[in-house]
Amino acid sequence: MGSRIVVTAVTLVWGLALTACAGPSRPTPSTLRPATAATATTTTSGSRSTTTHDATAGPSTSSPRSSAAHTSTSPRTHTTTASAPSRTSSQVTPRAGHSAWVAVSVATLWRSWSSPRAVDQPALRAPADIRGWLAAMTLSDRRGLQGRADTQALLGDRVLVVAISGTWAKVVVPDQPTPLDARGYPGWLPLRQLSAAPAASATEYATVVSRTAWLRTDSAAATPVVEISYGTRLPVLAGVGSRLRVGLPGGMVRRVDAGLVARRSGTAAAQPTTGASLVQSAQAFTGLPYLWAGRSGFGFDCSGLTSLVHRVHGVVVPRDADAQATRGRSVSSSALQAGDLLFYATASGYVHHVSMYAGGGLMVQSPATGQAVQTIPVATPSYAAQFAGARRYLP
């Protein structure tokens with residue numbers, strides 16, 4: 001590396017907090033000031049309540065900002081399921097205790113069914129209007145996602161339906177590991193954004209490797225229909241000129257430009273499992289505005305960027321920064337390699353941020369609301385003062 005990281009007296013207590021950059025007990029987005037006696041005490045999630053409102057699901061409620069919020073349900077009747085996913089079901093409507101598949105471009109997982117605000121309605125539709133949602137939010141609205149939204153899942157992702165309450169489903173996402181639930185990352189989403197039927201099986205899969213890509217009608221006109229995210233993985237049914245026919249949950253067939261996807265057999269990684277390739281992928285999002293709970297090519301939070309990029313490169317890492325800081329292999333600051341994850345903590349040990357080492361003394365990150373994906377020196381003082389360790393996930 002070009003410059004040696006100076007490790008300060010900040011002590012990392014692995015696993016001290018339940019979640020970090022994108023989790024239920026995340027603190028207010030940090031400006032990453034050096035930890036001092038005045039800032040060493042992290043406000044715990046249970047110390048405040050957030051009043052929320054859902055324009056479609058019921059009256060406003062006051063939900064404590066704690067991991068307990070993930071176990072809450074609406075006043076309506078709900079069904080709790082067994083802990084293990086069932087076999088694929090042929091029913092039309094998703095059911096509690098069964099697997100389901102995300103049927104919209106990006107599904108945002110909410111803290112509770114009452115968390116979304118009026119401004120969030122475009123994200124709740126089917127199809128979801130992610131561009132419209134982002135365009136409508138002010139900077140204050142974006143900051144207000146904290147404590148309301150926790151992560152996102154992509155078109156075709158499998159979830160386990162834990163409970164159904166009215167028009168909402170509580171799910172866990174198996175490919176987003178978290179200490180919150182051994183089955184996967186938990187959250188609520190509109191039932192209409194799920195399909196009970198998976199996409200058709202295939203020997204080859206197409207994974208979007210550009211920021212976004214358009215799904216088109218399965219016709220000679222190939223009219224753009226819906227914009228999907230980096231990391232979306234769909235079965236390849238056939239090739240048609242410069243496009244591929246791909247299957248969607250529920251049985252629909254669309255086309256996608258072959259040049260925007262990586263076509264691979266079975267479960268093979270879409271992009272090379274190397275540090276250089278990880279960094280190149282992360283830096284491809286330079287300038288993309290930060291989005292709390294974001295885990296798509298439309299916007300990332302800090303750990304959303306590192307976790308999705310790793311997934312596309314064939315490596316599954318935990319969803320949140322503090323959980324990422326407990327896995328992988330510890331790496332000394334003098335032995336960093338491209339693709340290693342760097343963690344930042346308060347003086348109390350709360351891991352609140354993660355970046356990716358880019359080589360040459362630089363790191364790529366999605367820093368905070370109001371900022372965008374950037375590559376900066378690791379030795380940037382405000383970050384170096386909170387550096388708390390590094391982990392490596394590559395084989």
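The figures here come from the full heavy-atom set of this structure, side chains too, leaving out hydrogens, waters and symmetry mates.
Take Asp218 and apply the side chain to side chain donor-acceptor pair (under 3.5 Å) test, not counting sequence neighbours, and it matches Arg245, Arg255. Looking at residues two or more places apart in sequence or on another chain, you find a side chain to side chain donor-acceptor pair (under 3.5 Å) between Tyr230 and Gln271. Partners of Arg233 according to the salt bridge (charged side-chain N to carboxylate O under 4.0 Å, His left out) rule, which considers only residues two or more places apart in sequence or in another chain, do not exist here. Judged as a side chain to side chain donor-acceptor pair (under 3.5 Å), and not counting sequence neighbours, the contacts of Thr217 are Ser219. Not a single salt bridge (charged side-chain N to carboxylate O under 4.0 Å, His left out) links Arg264 to another residue, sequence neighbours left out.
In this structure, the ring of Tyr290 has its center no less than 6.0 angstrom from the ring center of Phe300.
Contact annotation: the side chain of Arg111 never approaches that of Trp188 to less than 4.5 Å [non-hydrogen atoms, C-beta and beyond]. At a threshold of 4.5 Å between non-hydrogen side-chain atoms, the residues Val373 and Val364 count as touching. Side-chain contact between Leu248 and Leu155 is present, with at least one heavy-atom pair separated by less than 4.5 Å. Two residues are said to be in side-chain contact when any heavy atoms from C-beta on lie closer than 4.5 Å; Tyr357 and Gln337 fail this criterion. The shortest distance between side-chain heavy atoms of Arg216 and Thr223 does not fall below 4.5 Å. Here the side chains of Leu305 and Val309 are in contact, with some heavy-atom distance below 4.5 Å.
Side-chain atoms of Ser114 and Ser112 include a donor-acceptor pair closer than 3.5 Å. Between the side chains of Thr346 and His352, no donor-acceptor pair of N or O atoms lies under 3.5 Å. For the 3.5 Å distance criterion, the side chains of Tyr393 and Gln324 fail to qualify, holding no donor opposite an acceptor. For Arg158 and Ser99, the side-chain atoms include at least one donor-acceptor pair closer than 3.5 Å.
Atom CD of Gln280 has 12 or fewer heavy atoms from other residues, nucleotides or ligands within 6.0 Å.
Distance check: Trp110 CH2 to Gln152 CD gives 8.5 Å after rounding to the nearest 0.5 Å. Leu180 contributes atom CG, which lies 11.0 Å from atom CZ of Arg319 (distance to the nearest 0.5 angstrom). Taking OG of Ser296 as the reference point, atom CZ of Arg211 lies at 11.0 Å (rounded to 0.5 Å). Atom-to-atom distance recorded for Asp301:CG and Leu145:CG is 10.5 Å, nearest 0.5 angstrom.
Linking ILVMFWY residues whenever their side-chain heavy atoms come closer than 4.5 Å, directly or via other members, leaves Trp101 and Ile228 in distinct clusters. There is a path of hydrophobic side-chain contacts, each under 4.5 Å, that joins Leu194 to Ile164.
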Side chain to side chain contact (heavy atoms under 4.5 Å, CB included) between Arg192 and Leu124, worked out: CA-CA 9 Å; Arg192 61 176 171 260; Leu124 307 180; 4.1 Å; yes

- request: Quick one: do Leu394 and Thr273 satisfy side chain to side chain contact (heavy atoms under 4.5 Å, CB included)? Show the steps, please.
  value: CA-CA 7 Å; Leu394 292 177; Thr273 310; 3.8 Å; yes

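Using a cutoff of 4.0 Å between basic side-chain nitrogens and carboxylate oxygens, Asp157 and Arg295 are not scored as salt-bridged. Contact check on Asp120 versus Arg125 returns no salt bridge, with no Lys/Arg side-chain nitrogen under 4.0 Å from an Asp/Glu carboxylate oxygen.
Among residue pairs with one or both ends in residues 316-341, none qualify as ring-ring contact (aromatic ring centres under 6.0 Å, His included); sequence neighbours excluded.
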